[in-house]
Amino acid sequence: MSKEKLNIPDYNTLFTEERYVQQRENKKQFEAPCSDQEKAEALAYSKSAEYMEKNFDRKAVVINPHKACQPLGSVMAALGFEKTLPFVHGSQGCNSYFRSHLSRHFKEPTPAVSSSMTEDAAVFGGMSNMIDGLQNAVALYKPEMVAVCTTCMAEVIGDDLTAFIGNARQKGAIAEDFPVTYANTPSFIGSHVTGYDAMIKSILNQLFDRSGLTAAPGTGEEGEKLNVLLGFEPYTGNFAEIRKILNAFDTKYTILGDHSGNYDSPATGEYEYYYGGTKLADVPKAANALGSLVLQKYTLKKTQEYISGTWKQQVSSLSTPLGVKATDKLLAAISELTGLPVPASLTEERGRVVDAYADSHPYLHGKRVALAGDPDLLLGLIGFCLEVGMEPVHILCSNGDVEFDGKKWKLEVEELLASSPYGSEATVYVGKDLWHLRSLLLNDPVDLAIGSSHVKFAAKDAGVPLVRVGFPIFDRHHMHRNPIIGYQGALNLLTLIVNIVLDQLDNNESGFGDLVR
Amino acid sequence: MGLDIEANKKLVEDILEAYPDKAKKDRKKHFQINTEETKESCSCSLKSNIKSRPGVMTPRGCSYAGSKGVVWGPIKDMVHISHGPVGCGQYSWGTRRNYANGTLGIDNFTAMQITSDFQETDIVFGGDKKLEIICREIKEMFPLAKGISVQSECPVGLIGDDIEAVSKKMAKELEMPVVPVRCEGFRGVSQSLGHHIANDAIRDFVMGKADLAETGPYDVNIIGDYNIGGDAWASRILLEEMGLRVIAQWSGDGTLNELEIAHKAKMNLIHCHRSMNYMVDHMEKAYGIPWMEYNFFGPSKTYESLRAIAAKFDATIQENCEKVIAKYKPQMDAIIGKYRPRLEGKKVMLLIGGLRSRHTIGAYEDLGMEIVATGYEFAHKDDYERTFPDMKVGSIIMDDPTAYELEELAQKLNIDLMGSGVKEKYVYHKMGIPFRQMHSWDYSGPYHGFDGFKIFAKDMDMTVNNPIWSLIDKKEKVQPEGASV
């Protein structure tokens, strides 16, 4: 290391230097800015109850929504299967956006291609784009399956995926027996979670139909296995945790849609495009499993209907199992489906987590929290808060719309809240955005906000610390590697939250030098 | 050790063998190896600004990304509606780190996502009525907003909404500019058309609409700087120190008023020629404002550019220019003195959107690094003509290369640093190749100007020389026969 000191200020420091402050002031003469008084008034107004009322009255504009669009979820779903290349049919910008968005969350590559439709395809349809696209994609990236989803462009012009893929086979662009699954995922319906569901359902359905197998739950070799579906899962660590739990039970299982390999692959000096994923051959066989365990029941609505309808399987559905009680339910569900007892190792682990809860409870008890996220995650988070004595106050779900069975979800949330005295302060906001949350945080303050990176603007304006949980988390590293489900996940969540509370205490300490916690 | 023209030609040909015939024929036209002749004559046979092949991993985005993400989005005191379904706005939210002074949600709306969140009913019945309500609600929610832009997403154009009529009506009603921008993602072949469309909208709806109280002989505009990590600020400080008066900054940290008074400048200084050449051309024709390109990446190019700019003005400015250079040169020499020995001879490959694939060459060379291959996502012929003279003979110049091509080249050229975007980044981490994001400076910056170069140099050293790369058990590199890069 060089001993000479060179002063290289980072952007935070650089732009606070006097010459930059001067520059900023000088620039104002050309900006025609509002006066300082106007700005102060507008800021105060934006924090007022009157503003909040108007904010909640708006009918059309959406400001900082906590949701993304369907095909993003489909891309994630496709990457849960072995050597499967996501193919986005429509204009290419969407695919670039999905790839960056997912890569920014996982800090991992997202292989996906697009049919690159432009004006001529808008007029004549995207068939030739799809035929050429499939041929190029298969030649270049050598997938064993292609999973096609649509953008709003392809949906608005009404491209027929079944016909196009059929024609691609006829023209020899892809082999007759090469699996191409597809799902219609217009961006003007639902959100990323609905898109995830649509693609998972299509993959199960289409691979099963192709196989010629008949569904006979609980028969043959597969009959001892359990199917497990995690849903739109932003935590790769959750896959490892569910495996740990299932292995402890000593049950056999198939995870349907496992993108943890693709989103947590090793740096080896070589990049391979495809890592891990559910084996394609295991998908149709899953129809003979003894039952299916679903860990995001609102996300996987259509998939569950398919499994229980066509595969005639017993489906046990939960929302993201966060906290001790939800994990208890998870273990009970596995026990019931498999007939196996809850293993002692997990019961012991439970005890250790409860012990940790006991150690931390003084810092969490009565803490008022705001929560924002996807429907199943929120149910999990509410359960966690209630069992450690935290009080959910504002619960906000941008993507709890009608397509998503919003009513049913809201009722379940309210029932859960009513089950505990700590839930009495809470209000649930379905279909609202993070600008609504800002008003809520400013007018009815809380101690903590829990949600994705996008929540940070509202939290910052209100001076509330943000615990980053959910999707997307862009501005912190490796959060997704640590599980938040299961007993281990409960401990991780507890650790994350209590230490943010303790940081707050230390930051605000008045100089007594407290070393006792 | 030179760059072998024939070997690199063969290398490219070998890589393209993986494609089906039709795609191979097309992709071949997008590569050129720099020769003495092309370097001199800038003659370019390379195809650009044409459609990407379907089914390949193109690095390109769309028109909407070019308009909202690059040109309009950074205008801080206007609200930019992502008009259509929720996704486009969500994915472009805060991605380009266009810094802006002001209070978010009060007088600065850059790092926000404001969308009409189209539902199925909007597709069926059209979104025009909704757009009217949205404009009124924006005025109510953001009373200090100076204007609105309507950034069209794909469905808006396909269902035939008349956003022009709505915008006109609402501009009158709300007494502020409401600008329709027809930047639907399916238009054109990349972000590039979006830049053009966005610029046309600036020309048609805001240009020349305000007056500047007092003009002076040294009034200039900064055009085509998006203030990534504060780049435009690090540039502006030098121009002002030299005695010029920057009256408008387009569009990073820019305001509506700056767009409206820019026609009063005496000179347009353009950094990103690709995204805003349309504007300087128009302003030259309409207002007689001369323009010149400059490059503030790396001290050599910055000295050169500062002098070229000063040469357009009088002796006072020229003297000031030399003073500015004299003031910063020791700092720059110290930076080079420290970092050059650590970076000398390192081989770099670049794939960036528009100008940076050539603009940053000088900055790398100041650090002793060598660009062996460079390419653009969405450049046009003129960009390539500007690139050949700056590149070494034997180096590879490429247009819209696919992920596959880049990965092959990176391995075979045995590069020490890759500069591209977040879609590419983590691939190179797997391969054990140091990587910097050159669209958004990896949450760092600024890189422009003298203050920026310090950070640039530090970042490149950090990336190339970090010990973690030695932990990756990289396979032996296969050098193609005869290749000497």
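Below, each value reflects all heavy atoms present in this structure, side chains not excepted, and no hydrogens, waters or symmetry copies. To find a chain, count down the sequence lines: A is the first, B the second, and so on, and within it residues start at 1.
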Trainee: With a 4.5 angstrom heavy-atom cut-off, which part of B:Lys129 approaches chain A: side chain, backbone, both or neither?
Mentor: neither
Trainee: Within 45° of the ring axis of A:Tyr11 and under 6.0 Å from its six-membered ring centre, is that where the NZ or CZ of B:Arg97 lies?
Mentor: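 Yes.
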Trainee: Regarding B:Lys430 and A:Glu108, does a basic nitrogen lie under 4.0 Å from an acidic carboxylate oxygen?
Mentor: yes
Trainee: Please determine, among B:Ala248, B:Pro143, B:Ser444, the option with the most heavy-atom pairs under 4.5 Å with chain A.
Mentor: B:Ser444
Trainee: State which residues pass side-chain hydrogen bond (donor to acceptor under 3.5 Å, both in side chains) with A:Tyr273; sequence neighbours excluded, sorted by chain then number.
Mentor: B:Glu407
Trainee: Salt-bridge test for B:Glu258 and A:Lys27: reply yes if a basic N is under 4.0 Å from a carboxylate O, no otherwise.
Mentor: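 Yes, charged N to carboxylate O under 4.0 Å.
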Trainee: A:Lys28: what forms a side-chain hydrogen bond (donor to acceptor under 3.5 Å, both in side chains) with it, not counting sequence neighbours?
Mentor: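 Checked A:Lys28 against side-chain hydrogen bond (donor to acceptor under 3.5 Å, both in side chains); matches are A:Glu25.
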Trainee: What part of B:Lys146 gets within 4.5 angstrom of chain A, counting heavy atoms only: side chain, backbone, both, or neither?
Mentor: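 It is the side chain, since no backbone atom gets that close.
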Trainee: Would you please indicate if the ring centroids of A:Phe474 and B:Trp93 are separated by under 6.0 Å?
Mentor: no
Trainee: Hey, does the side chain of B:Glu137 reach the backbone of A:Val61 with a donor-acceptor pair shorter than 3.5 angstrom?
Mentor: yes
Trainee: Name the member of B:Ile455, B:Ile261, B:Ile123, B:Leu131 that forms the most heavy-atom pairs with chain A at distances under 4.5 Å.
Mentor: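 The answer is B:Ile123.
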Trainee: With distance as the sole criterion, is a donor-acceptor pair present between the side chains of B:Tyr443 and A:Asp475 under 3.5 Å?
Mentor: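 A:Asp475 and B:Tyr443 do not have a side-chain donor-acceptor pair below 3.5 Å.
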Trainee: So which residue, B:Thr95, B:Asn101, B:Ile81, B:Ile114, ends up with the most heavy-atom pairs under 4.5 Å with chain A?
Mentor: B:Asn101
Trainee: Using a strict threshold of under 4.0 Å (side-chain N to carboxylate O), is an ion pair present between B:Asp117 and A:Lys67?
Mentor: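 The answer is yes: the pair qualifies as a salt bridge.
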Trainee: Side chain, backbone, both or neither: which part of B:Asp253 has an atom under 4.5 Å from a heavy atom of chain A?
Mentor: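 Both parts, backbone and side chain.
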Trainee: Could you look at B:Arg136 and say if it's the side chain, the backbone, both or neither that has a heavy atom under 4.5 Å from chain A?
Mentor: neither
Trainee: Measure the CG-SG distance between B:Asp77 and A:Cys34 for me, rounded to the nearest 0.5 Å.
Mentor: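 Taking CG in B:Asp77 and SG in A:Cys34, the distance rounds to 7.5 Å.
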Trainee: Salt bridge check, A:Arg19 against B:Asp451: does any charged N sit closer than 4.0 Å to a carboxylate O?
Mentor: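 Judged by the 4.0 Å cut-off on N to carboxylate O distance, B:Asp451 and A:Arg19 do form a salt bridge.
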Trainee: Measure up the B:Tyr99 and A:Phe15 rings against each other and bin them: parallel (under 30°), tilted (30 to 60°), perpendicular (over 60°).
Mentor: perpendicular
